Structure formats: C-alpha cells, structure tokens
Protein chains: 2
Amino acid sequence: MATLNNETRERRETGTLGKLMVLLDLVAHADGPLRFTDIAAASGQPRGTLHRQLVHLVEEGLLELDADGRYSTGLRLLELASRSWARNELRLVAEPHLRELQDLTGETVHLGVIRGASVIYLDKVEGRQPVRMYSQIGNASPIYCTGVGKAALSLLPDDRIDTLLAEVSFQRFTPATHTRDTLLTEISEIRRNGVAFDREEHEVGIRCVAAPISSENLSFVGGISVTGPAYRLTMERLEEWAEPIRRTAGRISTGIRIGLGPRP
Amino acid sequence: MATLNNETRERRETGTLGKLMVLLDLVAHADGPLRFTDIAAASGQPRGTLHRQLVHLVEEGLLELDADGRYSTGLRLLELASRSWARNELRLVAEPHLRELQDLTGETVHLGVIRGASVIYLDKVEGRQPVRMYSQIGNASPIYCTGVGKAALSLLPDDRIDTLLAEVSFQRFTPATHTRDTLLTEISEIRRNGVAFDREEHEVGIRCVAAPISSENLSFVGGISVTGPAYRLTMERLEEWAEPIRRTAGRISTGIRIGLGPRP
DNA sequence: CCGCTAGTTCCATTATTTGGAACTTAATTT
DNA sequence: AAATTAAGTTCCAAATAATGGAACTAGCGG
C-alpha cells in the first residue's frame with residue numbers, strides 16, 4: 001500500500017540514558033538471565049561499548065551478574081519501585097474504594113493507568129488472597145483488550161486515540177479480541193454508558209466490568225475493574241455492577257482532584 | 001585475578017548514569033513530590049544541567065512531572081521491577097517453603113537478601129492479609145537490627161563483615177538495638193546456633209527468628225524470618241521455631257544450588 | 001507596569017562515550 | 001597436551017554528548 005507515513009516521533013532523544021534503558025528493557029523482557037553474547041547479539045552494540053555499559057548498570061545495581069556470567073535485573077529496581085508505589089497518590093486515594101468494591105462484589109478489583117498503548121496495573125484487591133500481589137501489579141497489558149484500557153481510552157479525544165492506536169498491532173488473543181474497527185465502535189458505546197466490559201477478549205473464560213478515572217486535565221487516564229471467571233460473572237451480573245463501579249470510579253476521580261490540587 | 005584485589009573501588013565511576021541515579025534516588029527518597037527548585041537545591045546542579053537531566057528521566061518514564069511541576073518517580077520503575085520480581089529465582093524457589101512456614105507458625109514470614117549494608121525484602125507471606133504486600137517488599141532495612149540481616153551476616157567471613165559494618169552508623173531504634181560490639185558478639189552466637197533472634201531491636205513490641213540462606217559461593221546471602229508481636233511471640237516460642245526455620249532455610253539453599261547450577 | 005521568582009533555552013567548552021583492534025582467558029577440539 | 005576457537009576485557013584516538021554560565025521567557029504579587 002501507499003506510504004503510511006507515521007508522523008509518530010518515536011525516537012527518544014535521551015542520549016546516554018536512552019541507550020542504557022534499551023539494555024535494561026532487553027534484559028527485563030528476556031525469558032531468563034542473558035549472557036554477554038546474547039545481549040551483544042540482541043542489541044547490536046560493539047563488544048567494547050556493551051561491556052562498559054553493562055559494567056555501569058551492574059555497578060548501579062540496575063542489573064546483576066551471576067556467577068555463570070549471566071545478567072538479570074537488579075534489586076535496585078525493586079527498591080526504587082517499592083518507594084514509588086508506596087507513595088503513589090492515585091493508589092493511596094483509590095485503596096479504600098477498591099476494598100469497598102471488592103466487599104460488594106466478592107471478586108478481584110484492579111486499578112490501572114495507561115502509559116503509551118499499555119495498561120499498567122497499580123493495585124489489586126482480592127478476597128481471600130490465593131494469588132500473589134505482584135502477579136499483576138506493575139504488569140503491562142495491551143490497551144485494546146482490557147476493561148481498564150478501553151474505559152480509559154473512552155475519555156480521550158479522538159485524535160489522541162488515533163495517535164495511540166497507530167502504534168498498536170492488534171494481536172488476536174481470543175475469538176472475541178477487538179480489531180481497530182470494532183474497538184472504535186465500542187468506545188463510542190463506552191462513552192454513552194460510562195462502563196466498559198471485557199467479554200473474554202484477552203483470555204477465554206475471563207470477563208470484567210471497568211469504569212474510567214482521570215485527572216481533570218487528562219494528565220493521567222486510567223480505570224478500575226472487577227474481574228472474574230465467566231461462569232460466575234454472567235453478563236447480567238456485570239450489568240448489575242455497572243452502576244456501583246461507575247460510582248466508585250467517580251469518587252476516586254473526585255478524591256484525586258482534591259488531593260492533587262494546588263497546594264494549600 | 002590480579003585486578004580483583006582492588007581495595008579502593010569505593011567511588012562509583014558510572015559517569016552519566018551515576019549522576020542520573022543520584023537524582024532518581026533523591027526523588028525516590030523524598031517525602032513527596034519535589035519541585036525543580038527543591039531538586040536543584042538538594043543536588044547542587046546548575047539549573048541548565050539539571051533541567052536537561054530531568055527531561056531525560058521523564059522521557060524515559062523513570063520520573064513523572066505532574067501538572068503542578070512536581071517530580072515523583074515514574075511507572076517505568078514499577079514495570080521493570082515487576083518483571084524482575086516475578087522471575088527472581090531465589091523468590092521462586094523459596095515461595096512454597098515460605099507458605100509452609102507460615103502455615104506452621106501462623107505468623108508473618110519474610111524472605112530477604114543483603115545488598116550493601118541493607119536487607120532488601122523479596123517476599124512476604126501473611127495469614128490473613130490485613131496489610132499490603134508491597135508494604136515490605138523492596139523495602140531496605142538496616143542489616144544490624146533485623147533477624148534476616150544478622151542471620152545473613154553470620155555466613156560471611158569476618159573481613160567481609162568488617163568491611164560492611166565500616167559504612168554503618170549504628171542508629172539506636174530501641175533500647176535493645178545493637179552496637180557494633182554487641183552485634184559482633186551475637187554473630188558468633190548465631191554461627192553456633194544457625195538462627196538469629198530479633199529481640200525488639202528494630203521496633204519495640206516486634207520480635208522474630210531468622211535463619212540464613214546463601215548460594216554456594218556466597219554470591220548472594222540472605223535469610224528467612226518469622227515475625228510477630230512480642231506478646232504472642234515469647235522467646236520460648238521463638239526457640240521452638242528455631243529448628244523448623246533452620247530446616248526450611250536449608251531446603252531453600254539446596255533448592256537454589258540445584259536451580260542456579262550450570263545450565264543443562 | 002515593575003520587579004521577582006521559577007523555569008527554559010542556547011552554545012562554546014569540556015568530559016564522556018564510542019568502537020575497532022589488540023589482548024587475555026576459558027572452553028573445545030585434535 | 002597443544003592447537004583452535006569462542007568469550008570476555010582493556011585501550012585509546014575520534015566522535016558524541018554533557019556541562020554550565022548567560023540570556024531569555026512565563027507567571028505571579030504588588
């Protein structure tokens with residue numbers, strides 16, 4: 001087809017830092033520890049350069065080098081993230097509301113925000129805790145097939161949606177996964193209802209209801225959701241929860257606007 | 001081999017990265033979001049330089065700049081740490097054992113490793129979950145007043161202990177907090193028993209038993225602990241748990257040595 | 001409208017990063 | 001055990017990026 005000249009200025013101009021972050025991402029997204037050679041191949045850096053870069057990352061604790069000469073991500077990240085999470089204002093404001101919603105529904109409640117074309121989960125409340133917390137927190141999921149992602153999208157103006165979706169390759173996770181067209185149709189529906197449903201679009205057997213949250217100026221956009229197995233969460237039940245979840249989302253948005261407002 | 005005997009490797013030579021990490025730490029350890037001016041004052045950087053550095057950190061998602069012009073840590077850290085945590089081999093091996101120990105004792109179980117003169121908690125298992133997971137995970141606590149820290153120290157040769165403790169300023173958290181001398185005395189006791197006790201040394205009213213874990217070559221050193229309120233955890237009860245916790249720690253160490261061994 | 005604080009941009013100078021090549025180990029083969 | 005190859009490390013002149021003082025702009029309070 002003719003040139004689809006993407007105006008997306010994706011090249012980051014962060015100099016040295018940018019180059020190092022590419023390496024960090026590379027190691028973080030690998031399936032396991034990587035050896036020098038693996039990283040060299042994947043990054044395409046000359047060996048001398050790469051060597052110094054890795055030494056720096058290891059010295060800062062961002063990477064760790066084990067006895068077999070394999071690199072994995074370092075504990076420094078955990079330490080930094082822990083502080084970041086503990087103080088996150090949205091999370092702090094939302095926490096009691098998430099619990100309340102969990103009490104009402106008895107199902108798992110998530111809080112997430114969008115970053116680029118992904119949803120990042122900030123918190124999660126489960127009834128009895130059979131699953132580990134971190135199993136979701138910090139996780140990045142595609143925006144187009146999660147309740148939180150779709151709810152969040154619905155708040156954005158069309159041009160920002162277009163820009164975001166331009167970089168998305170709609171992978172088909174289940175038969176119900178959206179394409180670009182069906183997603184856009186659903187977004188106008190979400191705008192009318194104020195809630196988004198995930199009808200087994202990411203994983204077969206998993207459904208959810210979600211409602212959007214945002215700061216006044218859309219400096220961040222996210223949502224909350226109630227998720228569970230399809231056999232328990234019939235579409236009728238999800239419809240019943242639409243109103244409570246909208247209300248909860250509204251309260252969190254209000255709380256954020258007050259909490260994040262200009263300092264006294 | 002000759003290059004390893006370098007005693008004078010205290011100063012970090014990580015160039016650009018090091019300078020940026022100082023800023024990241026500064027923001028992460030602040031009590032709340034910082035304004036440009038606050039960071040300028042704390043870092044002593046000229047405004048022009050600082051500005052560009054912050055722009056780069058924000059562009060990489062390591063920092064976030066809110067509508068009021070205040071900087072806080074960014075979600076990218078959470079994303080990276082989440083992967084790091086989920087794949088951490090020690091944590092994966094330890095997880096079932098921690099649960100087992102929690103079942104046995106009914107109290108909170110921690111897994112931690114030492115990094116510098118701090119203990120970083122990698123995992124935590126509680127009975128009913130009234131407290132949030134992340135409340136401890138990723139947290140850095142002083143090595144000299146935590147069960148895990150003291151247990152871990154006991155595995156190290158004396159010269160490495162000396163080196164580590166050289167940078168520690170023994171802050172007195174409670175009347176029972178160790179000084180350098182009493183700590184060294186206790187370490188030889190821990191070496192005999194294979195378990196360490198925290199007798200309200202970090203927080204009044206909190207006690208724990210801990211046992212050490214390590215890889216074969218001491219490339220990492222850590223421990224597990226059972227923690228709880230002093231009124232419930234009498235010293236007698238802690239003594240009873242000494243044996244089970246030693247056994248559990250032993251199993252984890254074995255698991256790690258097998259799991260982390262040379263690739264098949 | 002003025003002065004002031006806070007933040008941003010510019011650009012010649014300075015410091016760091018780069019990467020090819022030479023060098024050292026470690027592993028594998030003969 | 002020697003020879004061969006692969007894996008990792010060090011070096012340094014050239015290329016690139018970071019630095020920081022100064023000039024500039026925005027926003028606010030009087």
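Protein chains get the first letters and strands the later ones, always in sequence-line order, with residue 1 at the start of each. What you see is a predicted model, and the numbers here were worked out from it, not measured in a lab.
You'll find that the side chain of B/T49 is closest to D/dG20, out of C/dT18, C/dA22, D/dG20. Closest to the side chain of A/F36, from the set D/dT9, C/dG19, C/dT8, is D/dT9.
Residue A/I39 contributes atom CD1, which lies 10 Å from atom P of D/dG8 at whole-angstrom precision. Put simply, CG on B/D68 is 14 Å from P on D/dG27, counting in whole angstrom units. With rounding to whole Å, B/R35 atom CZ is found 17 Å from D/dG27 atom P. Taking atom CZ of A/R47 as the reference point, atom P of C/dT24 lies 15 Å away to the nearest angstrom. The distance between atom CG of B/L54 and atom P of C/dT9, rounded to the nearest whole Å, is 13 Å. Atom-to-atom, CG of A/L50 to P of C/dA21 comes out at 18 Å; the value is rounded to the nearest Å. As a whole-Å value, the separation of B/L17 CG from C/dT16 P is 13 Å. To the nearest angstrom, P of C/dA6 lies 14 Å from OH of B/Y71.
Between B/K19 and the phosphate of D/dT19, there is a side-chain N or O to OP1/OP2 separation shorter than 4.0 Å. Put simply, B/T16 has no side-chain N or O that comes within less than 4.0 Å of OP1 or OP2 on C/dA15. Phosphate contact (OP1/OP2 of C/dT18, side-chain N/O of A/Q45, threshold under 4.0 Å): absent. Applying the 4.0 Å criterion to OP1 and OP2 of C/dT18, one finds that A/R52 has a side-chain N or O inside that range.
When each of A/G69 and B/Q53 is assigned the nucleotide of DNA chain D bearing its nearest heavy atom, the one mapping closer to the 5' terminus is A/G69. Annotation: of the two residues near DNA chain D, B/G48 and A/H51, the 5′-most nearest-nucleotide partner is A/H51.
Using cut-offs of 30° and 60° for the angle between ring planes, the B/F173 and B/Y144 rings count as parallel.
Backbone-only engagement by B/T37 is indicated by non-hydrogen atom pairs under 4.0 Å involving sugar-phosphate atoms exclusively.
Residues A/D158 and A/R191 are paired through a salt bridge, judged by an N-O separation under 4.0 Å between the basic side chain and the carboxylate. One finds no salt bridge joining A/D162 and A/R180 here, because no Lys/Arg side-chain nitrogen approaches an Asp/Glu carboxylate oxygen to under 4.0 Å. Taking the charged nitrogens against the carboxylate oxygens, A/E95 and A/R99 do have a contact shorter than 4.0 Å, which makes a salt bridge.
For the side-chain contact (heavy atoms from CB on, under 4.5 Å) criterion with B/L63, the lone passing option out of B/L54, B/L77, B/V55 is B/L54.
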